[in-house]
Amino acid sequence: MGETSSVENEFDDWFIESLKIYNNIHEYQLEHPTRVIEWTSEKTICVAGYSSDKNEILELLLPLKLFTDDNQGLCAERDFKVVHGGFSDGSIHCLKHIPGTRCVVTNDGFNSNLQVWDLGGDDCDVIKRTGVLQLKSASSDKGVKIAPGLTGGPCVLHGSQISDIQLTELTSGKPLYSMGKDIPDLLSSLQFVSGSVFLACACNGDLYVGDTRNPAGLQNNPAGGRKGVHWCMGVKTDLSSSDPSSCSVARLSSACQVVVSDLRDLRAPLCQAQLHVQRKTTSDDFMKVTWAPALDNCLAVSGFDGMVQIYDTASWRPELMEFQPLFIHRGHMMSDDQFDTSSAVVTTHVWHPSRPRTVLSAAVDGSVHVWDWVDKATASC
């Protein structure tokens, strides 16, 4: 009886606090949890399940109340709307939208094949698979990472390890670029920083800079990190700039450290931090670090527990020190009046492309949240 009362008190405390720290928070419940949230427009996202059975792939319209000027406070009603939907016979571990199209590309995390999907349009609400790219990979059982091309016709950069990174045209399946170097390091993250320049982060923390115009021009930047530590990266780019070196790179380790650098010198950190995180899972599958696209110096971290933590890197230094988060989203630990800090784990999160403090996140229980947090300093972080 006393334990139940304690849980209820925890939930009540969080509910009251949420009225002060959120401008908006909306919740949605999926049939199966997702580890992918991909923007298809400023108001729509694509999600897909990763269970071993048949999974839904859905395009969701965000709650329209989110885009009003009113301060709504806590709003837990299920007012996301399914606008297009379909089914995948397998799990979906990676999903990327091709800019300027109604097309997404997926991978199941267990082989190197890429599935191409049509999201449908005004005359059709069904998401259909339109093709499969049969690709070879030395580590196909690990799945592949995908980065959509930013210029030219629809294409994707993909790979499971550094040596098999390839740019493939979607319509024909024709390879437009291949690495051509025997580097067996497993790939954790892949992203274009300009129309032709891309960054690849290996699981050991090494960063590689490549250019699809120059297959022989790959640059390796060793991380010099500890053995056995898993790394991923998040990149903040200014696509309006012709200089790729203007981008910032944050590498997140399974030891809960973040190292920030840029393309001018990837070997020397601009700043770094030991995060205030207590891991609740031994898996590295959900680790994620992302930069806020519409805020300076802010990044979000998730995948260690049931929280999304936001940090302001402006005060970070080149020396490794522990820093406290600027904001913590604990909403995924609150479900049906239960406070669960042990089993709740966030599977992914994304920032809204233009709304400065709006973030979407998902967790292993199938919950999807969109939340707009309050800056207590009432100033840009």
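When only modelled atom types and interatomic distance are considered, S88 and Q115 share no side-chain donor-acceptor pair under 3.5 Å. Of the N and O atoms on the side chains of D108 and S91, not one donor lies less than 3.5 Å from an acceptor on the other residue. A side-chain donor from one of S367 and D365 sits under 3.5 Å from a side-chain acceptor of the other. No donor-acceptor contact under 3.5 angstrom links the side chains of H32 and E56, judged on distance only.
The aromatic rings of H329 and W371 sit parallel to each other, their planes meeting at less than 30°, with 60° as the upper class boundary.
Looking at residues two or more places apart in sequence or on another chain, you find a side chain to side chain contact (heavy atoms under 4.5 Å, CB included) between Q309 and V277, M307, Y311, P325, I328. For D265, the salt bridge (charged side-chain N to carboxylate O under 4.0 Å, His left out) criterion is met by no residue, not counting sequence neighbours. With sequence neighbours excluded, no residue satisfies ring-ring contact (aromatic ring centres under 6.0 Å, His included) with F304. The ring-ring contact (aromatic ring centres under 6.0 Å, His included) check on H84 picks up nothing, with sequence neighbours excluded. Legend: residues meeting salt bridge (charged side-chain N to carboxylate O under 4.0 Å, His left out) with D284, ordered by chain and number and at least two apart, are R279. Checked against salt bridge (charged side-chain N to carboxylate O under 4.0 Å, His left out), R129 has no partners two or more places apart in sequence or in another chain. With sequence neighbours excluded, the residues satisfying ring-ring contact (aromatic ring centres under 6.0 Å, His included) with Y177 are F198. Residues forming a side chain to side chain contact (heavy atoms under 4.5 Å, CB included) with C203 (at least two apart in sequence, or on another chain): L186, S188, H230. Legend: residues meeting ring-ring contact (aromatic ring centres under 6.0 Å, His included) with W39, ordered by chain and number and at least two apart, are H352.
Hydrophobic clustering, defined by side-chain heavy atoms of Ile, Leu, Val, Met, Phe, Trp and Tyr closer than 4.5 Å, leaves I16 isolated from every other such residue. Here L270 sits alone; no ILVMFWY side chain lies under 4.5 Å from its own, so it joins no hydrophobic cluster. Applying the 4.5 Å side-chain rule to ILVMFWY residues, one finds V36, I57, I92, V104, W117, L119, I127 in the same cluster as L95.
Note that the OG atom of S248 and the CH2 atom of W291 stand 5.0 Å from one another [nearest 0.5 Å]. Separation of atoms CD (E27) and NE2 (H332) is listed at 8.5 Å; rounding is to 0.5 Å.
Side-chain contact check for V249 versus D262: every heavy-atom pair is 4.5 Å or farther apart. Between H93 and F110 the shortest side-chain heavy-atom distance falls below 4.5 Å. Taking the side chain as every heavy atom from C-beta outward, R251 and S261 approach each other to under 4.5 Å.
With hydrogens and angles disregarded, a donor-acceptor distance shorter than 3.5 Å links the side chain of T313 to the backbone of N297. Judged by distance alone, the side chain of T347 and the main-chain N or O of A362 form a donor-acceptor pair under 3.5 Å. Put simply, the side chain of Q191 never gets that close to the backbone of K236: no donor and acceptor are under 3.5 Å apart.
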